[in-house]
Amino acid sequence: MTRTLKLDGIAFGGDYNPEQWPREVWEEDVRLMRRAGVNFITVSVFSWPLLEPEEGRFDFGWLDDVIELLHSNGIAVDLATATATPPAWLIRKFPEILPVTADGTHLEFGSRQAYCFSSPIFREYALRLTRAMAERYGQHPAVRLWHVSNEYGDHVSRCWCAASAEHFRGWLRAKYTSIGALNEAWGTSCWGQHYLDFEAIEPPRDSTGPINSTQRLDFERFSSDAMLELFTAEVAVLREVTPELPVTTNFMSILHDLDYFAFADAEDIVTDDAYPDPADPRAHIDASLNYALMRGAKDGAPWLLLEQSASAVSWRDVNVPKAPGVMRLDSYQALAHGADGVMYFQWRAAKFGPEKFHAAILGHRGEASRTFQECSALGAELKGLGALKGSRVVADVAMLLDWDSKWALAAPDSLPSNRLSWIGQARDWHRATFNLGVTVDLVRAGADWARYKVLMVPNLYLATPALAARLEAFAEAGGTVVVGAFSGVVDQNDHVYDGGAPGPLRPLLGVEVDEVWPLPDGDTGHIMMDGARHGFHTVSEWLDAADAQTVASYCGGELDGRPAVTVRRQGDGAAWYVSGCLADDGLRTLVRRILDESGVPVRTGAGPEIEVVVRRGVESSFTFVLNRSAVAVPVSLPDGADVLVGDSRQVSARGVLVVRHEHEAIVRVAADSAQLQAV
Ligand SMILES: [Zn+2]
């Protein structure tokens, strides 16, 4: 059954915590919500102790009133199941619910998310509350979306308690069936780790030295699965009681710990909480990659930005506010990347607690606050953008994300370098593409890649033969595959492939890696490509390119003259291998060449401060131009274009242009790159 969010126009609103305010403030809240153009509000995220003040006694009166008040003001509700934080009475009755860290420390009550996701007790109580919420509010006309828990894994995504250990053993039994199979998969003949039975296995707690890397990898997989199990248990209750209502849980951009593809399969709508750091000049580029995941998680379907900050956050060491215009730009960036809504944490700035200095739509100054003025202006603008809904981002380039490989590459103290990470590589490659004005989707191993011209694989340390075969088929069919260093090294058990890297990717890439050659911290090396020298960092490889053409070679150092970047033409396509971590200039040059050869148009006038993204609807397309620079950027619009936001001749400094046009028409941006500051 397809369950969609039934809401008029673009979703606009945020988290609302009326339980932190006296009732007379609620009336003012809804009055100001209407003024700000709010149409969607999240409630009851942390309300468990108020909804169930003592075991088995529910008190819904106050929430009834809140929902009724919102409804009578025409505001729809994203209703949380309120299971994000257990109440103190539950913890005191069952202290074993509290999570335990790898070194055996019991984490106390006093913050949020103080529960073990494997705890059967927690699950029982959480599901009882979920059922009570569903039965109470499932038929209420204001309720349009279930918001399960909150930011899974934000504080606790791994737990080493006794309940987790038991859960882990059960997961291992189901996976391996026999202890012999586990011993073989885990390579327990190394360091005398042999197990006689599953009962002897514990989660990888702090030990005397490096942990068995396959045990660790399985614990990563298990922990994500265990959290998913808790999520799907809540979803099952909601589906049973309210089969028509869509379900979500809010993601936290690209989170290392949880396989969001698996979570997305269990929900109806992908939602994201995004907090780009205003102090980081590259934050918007990384946000673009995060949003690529949000649409990639459901094969391009629109998603919701469920949380962002109206200005500063409260949880960094230094919390820099968003300068005037930046919140608006950030909001349009999410819309450009396929969001059908812009929401905030939170509606009204708190008076107390750890988030009292977290910005909100309604700041401490109330209506006079800058955030309220800026958010209200945006709310009014978004009223005219309902036509965007349902349209999908157009991209020729995709990037592969595989959690198994990502986790395996993160094993400390057992790799050639602890410095190589999927996210580091992905951000570098994505930034090079972004700076050429090209939009990138993030896709999973099992996705349909046929609509893309280029598939980037920044790292695939763990590569299965099945995935290697899919990559080969993509190239055979005319696609371009680009694979980064240290890929195809191990199988699904984290065992090195016979013959070494790139293992099953060898036929695709036509290269063999003899030895990985990481660089000491801070060192850079060089490659020579088309007569120009470019830097690389972190890692290089001693490579033999027996069945591939060398495009760039190492220059200087021990690998002088050896292949660094290769390409193997295959069928109608090509497979590139980039054996070192190229620095920005070389990466940009290489990516430009690959895109040119693959027929992907590079956008003139693009750069780190200008982003152009196209969403395609049924009848027309929408081009977004986001200008983060301090100068206005001239644009030229196609005939018949309809300007929805902005000016038809230029995009002002820190400004936005949204244009509706015929599908194949192009909005041209004429930025003078000399004026724009590189980041
Ligand atoms: Zn636990």
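Sequence positions, counted from 1, serve as the residue numbers for this chain. One-based numbering, in listed order, for ligands and for the atoms of each. Model, not experiment: these values are computed from the prediction.
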Pairs meeting criterion salt bridge (Lys or Arg N to Asp or Glu O under 4.0 Å) with involvement of residues 350-360, two or more places apart: none

Close aromatic pair by centroid cut-off 6.0 Å: W422 and Y461: no

Smallest separation among heavy atoms of L238 and A134, with atom names: CD2-CB, 3.9 Å

Ionic contact status for E220 with K406, cut-off 4.0 Å: no

Protein N/O/S atoms closer than 2.8 Å to the Zn ion (ligand 1): C116 SG, C159 SG, C161 SG, S164 OG

R131/E240 salt bridge by N-O under 4.0 Å criterion: yes

Atom CD of Q139: over 12 foreign heavy atoms under 6.0 Å: no

